[in-house]
Amino acid sequence: KPTCVESVMSLPLQVCAQLCRRPCYCPWVPPRCPRGSPLVLDGCGCCKICARRLGEPCDFLHVCDQSQGLVCDYSTAPAGTGGTCNFEDDEEGCEVNGRVYRDGEVFQPSCKLQCRCLDGGFTCIPLCQEDVRLPTPDCPYPRRVEIPGKCCPEWICEAQDQHLLRDARAVPPALPFPCQEWGTEWSACSATCGVGFATRVSNQNRYCRLETQRRLCMVRPCPALPAAFP
């Protein structure tokens, strides 16, 4: 186990001796840490504290989360002050839901998404199919629902009165009755970054006719390419 002198070369010996007093006097109840910050021993190996995460301040006592490959970086800090938790090899990473991922690492924040850490940000693609099901004679009321125990929603057919929905291929131009509005949810954006489009099936138009509708969407801006990139 590194000693006080080995851990912080800039601290005088008397300061280290003051920080690491023996015996240890620690709170009876360990602190409650935020999500993604584990309980670890402080720099003296004495009391349990919450490990500091990427970008958070640190010093000899308040150590960084070594399980995430973080160290206390004093390179940009004035002499005699604390540092900032950073990756040991200075690689860029990203933090999602309190967890730090290395640059290029692929992860799944949920069963519906697969993401990749890239240049301090992350891009995601959906793992569930975003297909659109049109009404058919044997399934006039398709609806997408969440199924207990399954990650991706599935299409089901609801049994409703047939007079509420006419054949999608033969709707009269003039309707003698008010239109019973019907539509699916908007699908996920077709692009993980930049401008894409989402689709849905709806009869919310002047003829009450089922049609596939589209609208523009943007999840996040695309990262700028390096200047030297062709």
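Along the sequence shown, the residues carry numbers beginning at 1. Keep in mind that this is a model prediction, so the values were computed, not measured.
Using a 4.5 Å heavy-atom threshold, the side chains of Ile125 and Gln114 count as touching. No side-chain heavy atom of Pro153 sits less than 4.5 Å from a side-chain heavy atom of Val145. Annotation: side chain of Val201 is in contact with side chain of Trp182 (closest heavy-atom distance under 4.5 Å). Proximity of Arg215 to Phe197: side-chain heavy atoms (C-beta onward) are nowhere separated by under 4.5 Å.
To the nearest 0.5 angstrom, Phe87 atom CZ is 11.0 Å from Cys64 atom SG. One finds the CD atom of Gln213 at 10.0 Å from the OG1 atom of Thr199 (value rounded to the nearest 0.5 Å). Rounded to the nearest 0.5 angstrom, Leu61 CG and Cys72 SG are separated by 11.0 Å. Distance SG/Cys24 to CG/Asp42: 7.0 Å, rounded to 0.5 Å. Residue Lys48 holds its NZ atom at 10.0 Å from SG of Cys33, rounded to the nearest 0.5 Å. For the atom pair CD of Glu154 and SG of Cys151, the computed distance is 11.0 Å after rounding to the nearest 0.5 Å.
Residue Leu54 is not grouped with residue Val71 when hydrophobic side chains (ILVMFWY) are merged at heavy-atom distances under 4.5 angstrom, including chains of intermediate members.
Shown here is Arg220, whose CZ atom has more than 12 heavy atoms of other residues, nucleotides or ligands within 6.0 Å. A 6.0 Å sphere centred on CD of Gln66 holds no more than 12 heavy atoms belonging to other residues, nucleotides or ligands.
Residues passing the side-chain hydrogen bond (donor to acceptor under 3.5 Å, both in side chains) test with Arg53 are Glu56, sequence neighbours excluded. Not counting sequence neighbours, the partners of Phe107 by the ring pair (Phe, Tyr, Trp, His ring centres under 6.0 Å) test are Tyr101.
Between Cys115 and Cys124, the SG-SG separation falls below 2.5 Å. Between Cys44 and Cys20, a gap of under 2.5 Å is found separating the two SG atoms. In this structure, cysteines Cys157 and Cys139 have SG atoms closer than 2.5 angstrom.
For the pair Arg143 and Trp155, the cation-pi criterion (under 6.0 Å, within 45° of the ring axis) is not fulfilled.
Taking each heavy atom of Arg102 and Gly69 in turn, the nearest pair found is NH2-CA, 3.7 Å. Heavy atoms only, all atoms of each residue included: Ile49 and Val63 are closest at CD1-N, 3.9 Å. Contact between Cys58 and His62 at its shortest, heavy atoms only, is CB-O, 3.3 Å.
Side-chain N/O atoms of Asp65 and Ser67 include a donor and acceptor closer than 3.5 Å.
Remark: the backbone N or O of Val106 is not paired with any side-chain donor or acceptor of Arg116 at under 3.5 angstrom.
When each of Cys47, Ser37, Cys50 is checked for a side chain to side chain contact (heavy atoms under 4.5 Å, CB included) with Pro31, only Cys50 meets the rule.
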